[in-house]
Amino acid sequence: MNYIIAIDQSTSATKAMLFEVGADASVSPFRLLARADKEHQQYYPQEGWVEHDAEEIYENMVEVIRKVIDHSPLTIEHSAMRSNNGQCSMFNVQCSIALTNQRETAVVWNRHTGCPIARAVVWQDTRGRDLCNRLQGEGYGPLVMERAGLLIDPNFSASGVAWLLDNIPGAREAAEHGDLLMGTIDTWLIWKLTGGKVHATDTTNASRTMLFNIHTMDWDDDLLRLFRIPRTMMPQVLPCDAVYGETTIEGLFPSPIKIAGVLGDSHGALVGQMCFAEGMGKVTYGTGSSVMVNIGTKPLPAPKGLVTSVAFSALGSHYYGYEGNIYSTGATLKWLADQMKMIAHPRDIEAEARSVESSGGVYIVPAFSGLGAPWWQSDVRGAVFGLTFATTRAHFLRAALESIALQIKDLVDAMTRATGAPLREIAADGGPTKNQLLMQLQADLLQTPVVCTEVEDASALGAAIMSGFATGIWHTFDEVKPLRKVTQVFTPGPDNHEALYAGWLRAVLLLNKP
């Protein structure tokens with residue numbers, strides 16, 4: 001047997017999942033043996049700023065790995081993993097660690113001291129808006145779209161890194177002297193896990209920086225110059241199914257294990273949902289949401305409002321995808337619980353939202369950090385429309401759920417208009433998929449079946465699959481397809497939501513009016 005510790009480092013928390021893996025996915029077990037997670041602090045120092053403490057994220061990762069090791073009931077004959085005075089002893093076991101992570105969030109640190117020069121700039125952060133607006137106004141949009149496949153937007157890493165270099169005292173000079181490194185969260189964690197020996201990322205995370213050429217599969221010198229980011233800061237780029245290095249995870253293992261399999265969370269979900277063929281797509285419901293469709297091995301231009309990214313790189317080939325990203329979906333529910341105190345926990349929203357048949361004409365446009373695809377309006381802020389004296393908390397909560405499904409419809413409609421054909425089905429993953437009201441509403445709005453699978457954490461499954469490819473457990477896509485087990489299919493009901501969607505479009509257009 002083999003064991004894979006899959007790390008899912010998301011915007012709100014870090015999860016560790018220990019999988020027991022057999023080589024033949026159709027008959028051998030693929031079991032989740034243990035899981036642990038820990039939230040990290042969110043920092044909002046100014047309007048539009050969102051930050052994370054990169055050191056805290058690393059420490060949390062080590063802690064949750066320790067927990068899954070300490071609480072793993074492994075009893076396989078001749079193969080065991082057990083905790084002994086804080087050390088993990090291995091007997092005839094192959095174990096690796098795989099990473100999937102929040103994308104675009106950027107860390108800049110000193111290569112000599114290992115210390116970040118500031119908190120990480122999170123993908124929701126809009127401080128790079130002025131730079132992006134200037135570059136867009138100067139006509140660089142087509143260049144960035146052609147090379148990187150992306151729109152110029154502060155959602156992507158480059159503008160946040162440029163802001164740090166220009167605003168942290170001494171940072172620009174240190175960068176020019178080759179003293180600073182940058183990376184997305186995967187790069188930072190790999191660097192820390194290897195004791196600073198490996199500075200690397202994968203193609204999917206690289207393709208979300210606005211600095212990576214998706215045609216040459218390398219950092220683009222023109223884009224680096226555009227954002228004034230020295231090439232010496234940039235990590236090596238490897239396929240998703242590569243071995244990135246070795247680690248003892250701060251001494252948890254008596255001898256090093258491989259870091260094998262790395263990809264961004266949305267891409268991990270695409271792989272975890274087995275979307276290996278052109279035309280297959282998925283929706284990830286997380287803090288934000290991503291709709292991604294595999295478009296094959298050619299980086300085709302994206303339809304208006306969407307982007308083209310590297311979907312995944314595996315088994316010697318690069319696969320591309322159309323994608324649209326929404327900034328606030330699960331984050332909206334968390335806001336209702338943590339900030340507004342309307343519910344104790346996001347899972348509590350369904351019961352009360354079901355107590356009313358509709359939102360009573362209330363629309364919540366959750367543009368807390370602007371609107372993502374297909375609108376791409378980083379300078380607007382959230383709003384509520386349609387309040388009356390008849391509005392109750394239940395109407396408000398149902399409107400929050402509807403805002404998630406309506407934003408997903410925006411993206412799917414843009415994709416189907418571009419392809420000229422509806423999607424056959426949408427594979428759904430993420431915590432909010434447990435909300436059956438949301439899933440049924442999504443199917444009704446899209447008039448497309450929504451398929452939920454056994455593995456809630458599809459991103460972690462995708463990372464585990466890449467780790468298995470990297471370490472030789474599996475060798476083809478067909479070998480891992482049996483791992484996808486459908487648990488529930490939400491079939492669309494009557495197509496009677498035209499008025500609901502029309503009201504949503506009016507609300508978004510009102511928000512975008514000067």
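- Taking the side chain as every heavy atom from C-beta outward, Leu461 and Met274 approach each other to under 4.5 Å.
- How far CD1 of Ile4 is from CD of Gln94: 8.5 Å, rounded to the nearest 0.5 Å.
- Closest heavy-atom contact between Leu371 and Trp375: CB-CB, 4.1 Å.
- Between the side chain of Asn294 and the main chain of Met280, no donor-acceptor pair closer than 3.5 Å is present.
- With Thr308 contributing its side chain and Leu300 its backbone, the two residues share a donor-acceptor pair below 3.5 Å.
- Side-chain atoms of Thr476 and Asp478 include no donor-acceptor pair closer than 3.5 Å.
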For this session: Apply side chain to side chain contact (heavy atoms under 4.5 Å, CB included) to the pair Arg208 and Asn325, showing each step before the final yes or no.
Result: CA-CA 11 Å; Arg208 305 296 295 182; Asn325 294 281; 2.6 Å; yes
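- Here the rule is side chain to side chain contact (heavy atoms under 4.5 Å, CB included) with Ile473, and of Val480, Asn2, Ile465 only Asn2 fits it.
- Of the residues listed (Thr14, Leu193, Ile259), the one engaging Ile7 in a side chain to side chain contact (heavy atoms under 4.5 Å, CB included) is Thr14, and it is the only one.
- Side-chain contact between Thr105 and Asp125 is absent, with no heavy-atom pair separated by less than 4.5 Å.
- Under the side chain to side chain contact (heavy atoms under 4.5 Å, CB included) rule, Trp504 has a single partner from Glu402, Gln407, Lys409, His497, which is Gln407.
- For the residue pair Thr100/Ser459, the side-chain donor-acceptor check at 3.5 Å is not satisfied.
- Under the 4.5 Å side-chain criterion, counting only non-hydrogen atoms from C-beta, Asn213 is not in contact with Leu223.
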Problem set entry | side chain to side chain contact (heavy atoms under 4.5 Å, CB included) between Leu437 and Arg398, worked out | CA-CA 9 Å; Leu437 174 59; Arg398 188 174 181 111; 4.0 Å; yes
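- Gln442 places no side-chain N or O within donor-acceptor distance of the main-chain N or O of Leu406, the cut-off being under 3.5 Å.
- No donor-acceptor pair under 3.5 Å is formed between the side chain of Gln339 and the backbone N or O of Leu336.
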For this session: I would like to know whether Leu483 and Trp474 meet side chain to side chain contact (heavy atoms under 4.5 Å, CB included); could you show each step before the answer?
Result: CA-CA 12 Å; Leu483 298 179; Trp474 303 300; 4.1 Å; yes
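- Of the N and O atoms on the side chains of Ser96 and Thr471, not one donor lies less than 3.5 Å from an acceptor on the other residue.
- With Val293 as reference, Met415 is the one residue of Met415, Glu323, Lys282 to meet the side chain to side chain contact (heavy atoms under 4.5 Å, CB included) rule.
- A salt bridge (charged side-chain N to carboxylate O under 4.0 Å, His left out) with Arg103 is found for exactly one of Asp265, Asp186, Asp202, namely Asp265.
- Side-chain contact between Trp219 and Pro235 is present, with heavy atoms from C-beta onward closer than 4.5 Å.
- With Ser266 contributing its side chain and Val291 its backbone, the two residues share no donor-acceptor pair below 3.5 Å.
- Between Ile185 and Val107, the closest side-chain pair of non-hydrogen atoms falls below 4.5 Å.
- Note that the CG atom of Leu446 and the CG atom of Asp413 stand 7.5 Å from one another [nearest 0.5 Å].
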For this session: Take Tyr327 and Phe368, measure what ring-ring contact (aromatic ring centres under 6.0 Å, His included) needs, and give me the verdict at the end.
Result: CA-CA 8 Å; Tyr327 295 162; Phe368 300 102; over 10 Å; no
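- Here the options are Thr204, Val310, Thr297, the test is side chain to side chain contact (heavy atoms under 4.5 Å, CB included), and the partner is Tyr319; only Thr297 passes.
- Note that CD1 of Ile249 is 10.0 Å distant from CZ of Arg66, once rounded to the nearest 0.5 Å.
- Checking side-chain atoms of His475 against main-chain N and O of Leu315 turns up no donor-acceptor pair under 3.5 Å.
- Between Gln41 and His52, the side chains place no donor N or O within less than 3.5 Å of an acceptor N or O (distance only, hydrogens not considered).
- Taking the side chain as every heavy atom from C-beta outward, Thr448 and Val412 never approach each other to under 4.5 Å.
- Looking at Thr329 and Pro432, their side chains never come closer than 4.5 Å, going by heavy atoms from C-beta outward.
- The backbone N or O of Leu500 sits less than 3.5 Å from a side-chain atom of Tyr363, completing a donor-acceptor pair.
- A distance of 8.5 Å separates NE2 of His267 from OG1 of Thr203, quoted to the nearest 0.5 Å.
- Between the side chain of Asp348 and the backbone N or O of His345, at least one donor-acceptor pair lies under 3.5 Å.
- With a 4.5 Å cut-off on side-chain heavy atoms, Trp123 and Gln102 count as touching.
- Between the CD atom in Glu498 and the CG atom in Leu445 there is a gap of 10.0 Å [rounded to 0.5 Å].
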Problem set entry | Working for side chain to side chain contact (heavy atoms under 4.5 Å, CB included), residues Val307 and Leu151 | CA-CA 7 Å; Val307 300; Leu151 300 163; 4.2 Å; yes
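- Remark: the backbone N or O of Ala464 is not paired with any side-chain donor or acceptor of Ser467 at under 3.5 angstrom.
- Using modelled atom types, one finds a donor on one side chain and an acceptor on the other under 3.5 Å when comparing Asn205 with Asn101.
- A donor and an acceptor atom, one from each side chain of Asp53 and Tyr58, are nowhere located under 3.5 Å apart.
- With rounding to the nearest 0.5 Å, the separation of OG1 in Thr433 from CD in Gln488 is 9.5 Å.
- For Tyr285 (side chain) and Ile404 (main-chain N/O), no donor-acceptor pair under 3.5 Å exists by modelled atom type.
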